[in-house]
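First up is the structure itself, then whatever we jot down about it.
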Amino acid sequence: MQVTLANTKDTVIQKENCLSGTTPLIASCHYGYTDMVQWMLHNEVVVDQCRDDDACGLLMASHEGHTDIRNPVPCDNTSLSTSYVNNNIRMRNSQSLVQPLMKHKPDINAQTNDGGNALYFSACNGHIEIVKLLLENNADSSICIFSKQYIAEMIKKHPTGTLGVLKQNIFDTLVKSTLSCVTSYVSKKSVEYAFDVVAGSSPLHIACFMGRIDVVSCLLDHNANINMTKDDGITP
C-alpha cells in the first residue's frame, strides 16, 4: 500500500498550479528529504515520475542542489512558476539526492514543458558537483530551453498562466540568482530582455550569462558546443 501511494499523483491541486500532479518522490526531491527518497527508490518507486508540467524528481533535485539530509517538515503553499522557481529553501551543490536517483537510471535528459532539464537548471544555479555528475553520466549539453514562439504557444494552452507572468518570473529569477555585477546589469533591463536571454538557451549559454565560470569550464571539458546559437543568433 505504501509503495502504491508513493507512485500516486496528487489530484487535489488544480491543473493551473504547476504543482499539479506531483508525487511523494518529486516533493521529497524538491524539499531535500533524502531518507524518504532513498526509501522510495529502494522500494522500486518509478524514478521517472513527472508532474503535469513534466518536472521529475531528478530535475527538482538538480535544481535545488541540497547540501545535506533534511528532516521532513510540512510544505507551505508557496506557488512555483513552471520551471523558474524562486526557492525559499535554496541550498547548493551536493550530490546527496542526485546520486541515489542516478543509480536507478532515470531519463537524465527529461525536459519540462518549457524545455528545461536537470543539466540546464544545475548549470543555471551553479551546482557544479551536480553538473559534473550529470555530464559524467552522459547528460546532453545541447538540449535547450524551447524557442520563444514555442513557449508563447504553450502558455496559451495553460488554464490560467500568461506569457507576461512567465516573462516576469524569468526576469525576477535572473535578478535574484546572478552574481552582483550581473544582477545590477539585468535589473536595468526589461522583462523582454530576460525572456530573450533564456529562450532557446543551452546550459552553456545560461552558465556564461550567469557568470558560473566553474560550470562553464566543466561544460567545455565535456565538449559543449561553443557555436550553438539561440533564436537571436547569439552564441555562448
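Values below: all heavy atoms of this structure, side chains included; hydrogens, waters and symmetry mates excluded.
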Measure the [atom1]-[atom2] distance between [X] and [Y] for me, rounded to the nearest 0.5 Å.
X: I145; Y: I170; atom1: CD1; atom2: CD1; answer: 8.0 Å
X: S122; Y: N117; atom1: OG; atom2: CG; answer: 8.0 Å
X: I151; Y: L166; atom1: CD1; atom2: CG; answer: 6.5 Å
X: S217; Y: H222; atom1: OG; atom2: NE2; answer: 12.0 Å
X: I143; Y: N109; atom1: CD1; atom2: CG; answer: 3.5 Å
X: Q168; Y: T162; atom1: CD; atom2: OG1; answer: 10.0 Å

Which of these, L135, N137, N138, sits in a side-chain contact (heavy atoms from CB on, under 4.5 Å) with I108?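 Of the listed residues L135, N137, N138, the side-chain contact (heavy atoms from CB on, under 4.5 Å) partner of I108 is N137.
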
For the pair [X] (side chain) and [Y] (backbone), establish whether a donor and an acceptor sit closer than 3.5 Å, ignoring hydrogens and angles.
X: H127; Y: A123; value: no
X: T112; Y: G116; value: yes
X: S202; Y: C144; value: no
X: H205; Y: M228; value: yes

Is any side-chain heavy atom of [X] closer than 4.5 Å to a side-chain heavy atom of [Y]?
X: L204; Y: I226; answer: yes
X: I206; Y: F121; answer: no
X: F195; Y: K148; answer: yes
X: I128; Y: C218; answer: yes
X: T229; Y: I234; answer: no
X: F209; Y: L174; answer: yes

Looking at [X] and [Y], what are the two nearest heavy atoms and their distance?
X: V215; Y: G126; result: CG2-CA, 4.0 Å
X: A152; Y: L163; result: CB-CD2, 4.1 Å
X: L219; Y: S141; result: CD2-CB, 4.2 Å

Checking side chain to side chain contact (heavy atoms under 4.5 Å, CB included) for the pair N225/S142: CA distance, chi angles, key distance, verdict? CA-CA 7 Å; N225 185 357; S142 68; 5.8 Å; no

Is there a side chain to side chain donor-acceptor pair (under 3.5 Å) between Y120 and S201? Walk through the geometry before answering. CA-CA 9 Å; Y120 185 92; S201 63; 2.6 Å; yes

Counterpart residues, salt bridge (charged side-chain N to carboxylate O under 4.0 Å, His left out), relative to E136 (two or more places apart):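 Applying salt bridge (charged side-chain N to carboxylate O under 4.0 Å, His left out) to E136 gives none.
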
Just jot down the salt bridge (charged side-chain N to carboxylate O under 4.0 Å, His left out) partners of D232, sequence neighbours excluded, or say none.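 Listed in chain order: K230.
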
Common cluster, [X]/[Y], ILVMFWY with side-chain heavy-atom separation under 4.5 Å:
X: V197; Y: I155; answer: yes
X: L134; Y: L220; answer: yes
X: M210; Y: V191; answer: yes
X: Y185; Y: V175; answer: yes
X: F171; Y: V182; answer: yes

